[in-house]
Every structure is written in C-alpha cells, then in structure tokens.
Asks: 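Below is a structure I'd like to ask you about.
When a residue number appears, it is its place in the shown sequence, counting from 1.
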Amino acid sequence: MRRNADELAKMRKAGRVVAEIHEATRAAIRPGVSTADLDRVAREVLEQRGAGSNFLGYHGFPAVICTSPNNMIVHGIPSETVILEEGDIISVDCGAIIEGYHGDAAYTAPVGRISTEASRLLEVTERSLYAGIDQMVEGNRLHEIGRAVQEVAEAGGFSVVREYVGHAIGTAMHEEPQVPNYWPGTPGPTMREGMVFAIEPMVNAGGTGTLLLDDGWSVVTADGALSAHFEHTIAVTDDGPEIFTRL
Ligand code: MG
Ligand code: MG
C-alpha cells in the first residue's frame, strides 16, 4: 500500500529510533557481553525516545531485539547465558513504533577479531542488501529486489535463505506483500512512490537449509555454517529509495 507524506514522516521517526538502537547496541558489542545486555541497551533507547517495541510480545517473543550468533540465522532470544566471545559474529534485529508506525532493521557485527571468511560474509551480505535497495524505484517490479540480492550473495560464493523473507511495513511490522531475497520466478507487483518495504537478506556461508530449534524461535543453518543478516526499512520515493533506518 502507498503511504502519504504524513505517514512517511512518522515512519521516518520510527526508523530513526531503530538506527539509534543499532548504534547503541553496536557500541556495546565486545567479548564478555551477554545478549541480554544488548537487549537492555535497546530497551533504554526505546524508553528515551518514547517508542514502543514491535518485537516484545510479538507471538509471545520475550525481548525487544533478536540476537542470533554465528550459525543462527534469525530470531534468537537474548539471554544472560549467551556470552559473546572473540571471533563470534552476532546478528541484531530490532524495531520501533512511533505514533502507530513501524521501523525494522538488522545488522551483523563482528565480536573482536573475526576470520577472513566471516568478514567476507558480512561484507557480501550487506552489499547484497544495498543491491536490493537500488532496485526500489518507481515502476520497477518488486522481485527485482530479490534477484539483485541473490546475484550478489551467490557471486560471493554464499547462499540465500528461502524460508524467511522481507516484507511491506507500515501500521504493522509485517504487511503484505512479502519480499523474497531471491528470484521467485515471477516479477511480482509494480513498485510505486509511497510504498515502504523492509528488505532483509539472510545469507549463509554454506547451504540454504534452515532448522528451527526447540525453543520455537531460534532458526539456525542446517549445516552449521555461519549466517549473516542485514535489513533496512526503505520507502520508494520520486527521488529514489529513502532508507529510514539509517542515521
Ligand atoms: Mg527485522
Ligand atoms: Mg523484517
């Protein structure tokens, strides 16, 4: 659906809070910190900004961010017993609600020094996100986003997760249509000015397979290989894509 200028202004504000959470949690990431510590950092930013959380209570989710280390793809639950170690990678996904409008974004960060392969996975996954964002222009077809993401990820020797995808966003975090991070075989709907999407490639160092753990949330790679996740909330505008979740 297309959002008017007033709605876009609210989404811009929500996106800014998400970007601030990214900045604050990134600054807190180091060996010895627990993923519950990162959740507390995010809660503080939400409180300071008077923003609501679209993660807390979502189908019963118990935290305001998802924290997914190493071979975990998405939806990890912050915990006092998950302590970051030198050489880990950690994916942080979070959102915010301002005046009923949502923002949603994710990043994967290194913990201390990481392997060259892990570092390349992060670089390629982030680059695949921006390749997808570049497709968000008036009149283009939605699935060109996934085609561009997939091209970058696979050229890097990595694979794109199929079971979890991006989405339209507005007065709810997850709105229709979904935005695959791969070419699904059809071009999809035409993008129009005022449409807002969360684009979120999940890229695996190994195969595409995923497994859901017994906690009912944590999704890991089936082969145990590393996985990275980058996401932004972006509007299609007359001047090209506008990223809301970046400072
Ligand atoms: Mg997200
Ligand atoms: Mg999302």
Side-chain angles (χ1 to χ4, degrees), residues 18-45 55 63-95 104-133 149 152-161 164 166 181 198-208 210 213 217-233 243 245-247:
V18 176
E20 287 177 359
I21 295 173
H22 278 201
E23 194 173 65
T25 52
R26 260 185 194 279
I29 288 172
R30 59 182 166 276
V33 160
S34 77
T35 51
D37 291 330
L38 300 181
D39 187 62
R40 278 187 284 274
V41 167
R43 282 175 198 252
E44 248 170 61
V45 177
F55 279 43
V64 302
I65 63 174
C66 294
T67 48
S68 308
N70 299 322
N71 68 329
M72 196 177 289
I73 301 168
V74 283
H75 303 163
I77 302 171
S79 165
E80 307 289 352
T81 60
V82 177
I83 311 290
L84 300 180
E85 290 177 27
E86 179 88 20
D88 283 347
I89 59 171
I90 177 73
S91 298
V92 175
D93 191 358
C94 66
D104 179 16
Y107 67 89
T108 304
V111 182
R113 284 181 63 87
I114 60 172
S115 70
T116 309
E117 180 71 352
S119 169
R120 207 170 61 80
L121 176 67
L122 268 51
E123 185 266 317
V124 168
T125 306
E126 186 167 25
R127 195 148 46 79
S128 78
L129 166 61
Y130 282 98
I133 292 172
V149 167
V152 171
E154 292 181 356
F158 302 128
S159 73
V160 171
V161 169
Y164 303 89
N181 297 302
I199 308 302
E200 50 178 315
M202 287 145 266
V203 175
N204 296 345
T208 60
T210 69
L213 298 188
W217 283 103
S218 308
V219 178
V220 299
T221 55
D223 57 13
L226 293 176
S227 186
H229 182 204
F230 283 85
E231 175 181 29
H232 274 306
T233 295
I243 300 174
T245 44
R246 195 167 62 173
L247 290 177

Asks: Begin from the C-alpha positions of Arg120 and Glu123 and carry the test salt bridge (Lys or Arg N to Asp or Glu O under 4.0 Å) through to its verdict.
Replies: CA-CA 5 Å; Arg120 207 170 61 80; Glu123 185 266 317; over 6 Å; no
Asks: Looking at His229 versus Tyr164, is the centre-to-centre ring distance below 6.0 Å?
Replies: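 No, ring centres 6.0 Å or more apart.
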Asks: Of the non-hydrogen atoms in Leu247 and Glu20, which two are nearest, and what is the gap between them?
Replies: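 Reported closest heavy-atom pair: CD2-CG, 3.9 Å.
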Asks: Keeping to residues at least two apart or across chains, list the salt bridge (charged side-chain N to carboxylate O under 4.0 Å, His left out) pairs with something in residues 80-90.
Replies: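 For residues 80-90: Arg40-Glu80.
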Asks: Using the rule given for side chain to side chain contact (heavy atoms under 4.5 Å, CB included), can you reason through Thr210 versus Ile73, listing the C-alpha separation, both sets of side-chain angles and the distance that settles it, and then say yes or no?
Replies: CA-CA 8 Å; Thr210 69; Ile73 301 168; 3.6 Å; yes
Asks: Which heavy atom of Ser218 sits nearest a heavy atom of Gly76, and at what distance?
Replies: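 Scanning both residues, the minimum pair turns out to be OG-CA, 4.1 Å.
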Asks: Which atom pair, heavy atoms only, marks the closest approach of Gly207 to Asn204?
Replies: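 Closest heavy-atom pair between Gly207 and Asn204: O-ND2, 2.9 Å.
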Asks: Between Leu226 and Ala118, what is the shortest heavy-atom contact and its length?
Replies: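 Nearest heavy atoms, Leu226 then Ala118: CD1-CB, 3.7 Å.
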Asks: Nearest heavy-atom pair of Asp39 and Ala63: which atoms, and what distance?
Replies: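 Here Asp39 and Ala63 meet closest at OD1-CB, 3.4 Å.
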Asks: Which residue in the set Thr67, Asp104, Ile65 passes side-chain contact (heavy atoms from CB on, under 4.5 Å) when paired with Asp93?
Replies: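 It is Asp104, the one option of Thr67, Asp104, Ile65 that forms the side-chain contact (heavy atoms from CB on, under 4.5 Å) with Asp93.
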Asks: Is the shortest side-chain heavy-atom distance between His232 and Tyr130 below 4.5 Å?
Replies: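 Contact flag for His232/Tyr130 side chains = yes.
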Asks: Evaluate the criterion side chain to side chain contact (heavy atoms under 4.5 Å, CB included) for residue pair Trp217 and Met72; output intermediate values, then yes/no.
Replies: CA-CA 11 Å; Trp217 283 103; Met72 196 177 289; over 6 Å; no
Asks: Among Thr208, Val203, Asp223, whose side-chain contact (heavy atoms from CB on, under 4.5 Å) with Ser159 holds?
Replies: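 The passing option is Thr208.
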Asks: I'd like to check Pro31 versus Leu84 (side-chain heavy atoms, cut-off strictly below 4.5 Å). Are they in contact?
Replies: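 Side-chain contact under 4.5 Å: no.
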Asks: Go through the structure and list residues passing side-chain contact (heavy atoms from CB on, under 4.5 Å) with Val41, not counting sequence neighbours.
Replies: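 Val41: side-chain contact (heavy atoms from CB on, under 4.5 Å) contacts with Ala24, Thr25, Ala28.
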Asks: Could you report the tightest heavy-atom contact between Thr108 and Ser91, atom names first, then the distance?
Replies: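 It is OG1-OG, 2.7 Å.
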Asks: What's the separation between atom CD1 in Ile83 and atom OG1 in Thr35, rounded to the nearest 0.5 Å?
Replies: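 The CD1 atom of Ile83 sits 7.5 Å away from the OG1 atom of Thr35.
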Asks: Any donor-acceptor pair under 3.5 Å linking the side chain of Asn71 with the backbone of Ala225?
Replies: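 Not at all, since once roles are kept as given, no pair shorter than 3.5 Å links the two residues.
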